[in-house]
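Structure first, commentary second.
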Amino acid sequence: MPKKRLGEVLQELELVDEDRIREALKIQREKGGLIGEILVTLGYVSQEEVQLALAVGRGAKLGGLEELET
């Protein structure tokens with residue numbers, strides 16, 4: 001099973017919309033860099049949200065919120 005792109009996962013998790021992904025991709029083409037770092041720099045997502053999306057993109061399963069509260 002292929003890994004999903006970070007932008008796709010962030011959209012699926014409803015952490016960022018397509019317009020913001022496009023903006024970050026434009027910056028990436030112009031200046032280089034990692035899409036996750038660009039989105040964090042722009043203030044669209046946190047570093048933790050990028051890490052979560054990367055894990056999900058690799059196949060990690062999300063638990064219920066009750067697991068996070070313990």
Side-chain angles (χ1 to χ4, degrees):
M1 180 198 290
K3 289 188 260 183
K4 291 185 178 183
R5 293 178 183 253
L6 179 59
E8 292 175 288
V9 177
L10 287 167
Q11 285 181 36
E12 288 175 7
L13 295 173
E14 298 181 3
L15 296 172
V16 69
D17 63 28
E18 188 174 344
D19 290 337
R20 290 182 171 185
I21 294 292
R22 284 188 191 144
E23 179 184 355
L25 288 170
K26 181 179 184 232
I27 292 169
Q28 185 182 47
R29 282 190 301 275
E30 293 171 355
K31 299 181 181 181
L34 299 173
I35 192 73
E37 289 178 3
I38 294 167
L39 289 164
V40 170
T41 299
L42 292 170
Y44 295 155
V45 293
S46 69
Q47 185 65 43
E48 292 79 13
E49 289 169 329
V50 170
Q51 291 172 349
L52 171 68
L54 288 170
V56 170
R58 290 187 198 112
K61 302 290 184 208
L62 294 178
L65 289 177
E66 60 277 355
E67 292 179 26
L68 297 174
E69 295 172 355
T70 59

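Predicted model only: the values in this text are computed from it and were never measured.
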Exercise. Residues in side-chain contact (heavy atoms from CB on, under 4.5 Å) with Gln28, at least two apart?
Worked result: Leu25, Ile35, Ile38

Exercise. For the atom pair CD (Glu23) and CD1 (Ile27), what is the distance rounded to the nearest 0.5 Å?
Worked result: 5.0 Å

Distance-only check: which donor-acceptor pairs under 3.5 Å involve side-chain atoms of residues 6-14, not counting sequence neighbours?
from, atom 1, to, atom 2, distance (Å)
Glu8, OE1, Arg5, N, 3.0
Glu12, OE1, Lys4, NZ, 3.0
Glu12, OE2, Lys4, NZ, 3.1

Problem set entry | Inter-residue atom distance Tyr44.OH - Ile21.CD1, 0.5 Å rounding | 10.5 Å

Seminar exercise, completed: Rounded to the nearest 0.5 Å, the CZ atom of Arg29 sits from the NZ atom of Lys26 at a distance of 8.0 Å

Exercise. CZ/Arg22 to CG/Asp17 distance, rounded to the nearest 0.5 angstrom?
Worked result: 9.5 Å

Problem set entry | Step-by-step side chain to side chain contact (heavy atoms under 4.5 Å, CB included) determination, Leu54 to Arg58 | CA-CA 6 Å; Leu54 288 170; Arg58 290 187 198 112; 4.1 Å; yes

For this session: Return the set of residues passing side-chain contact (heavy atoms from CB on, under 4.5 Å) with Thr41 (not counting sequence neighbours), or none when no residue passes.
Result: none

Exercise. Same hydrophobic cluster for Leu42 and Val16, using side-chain heavy-atom links shorter than 4.5 Å among ILVMFWY?
Worked result: yes

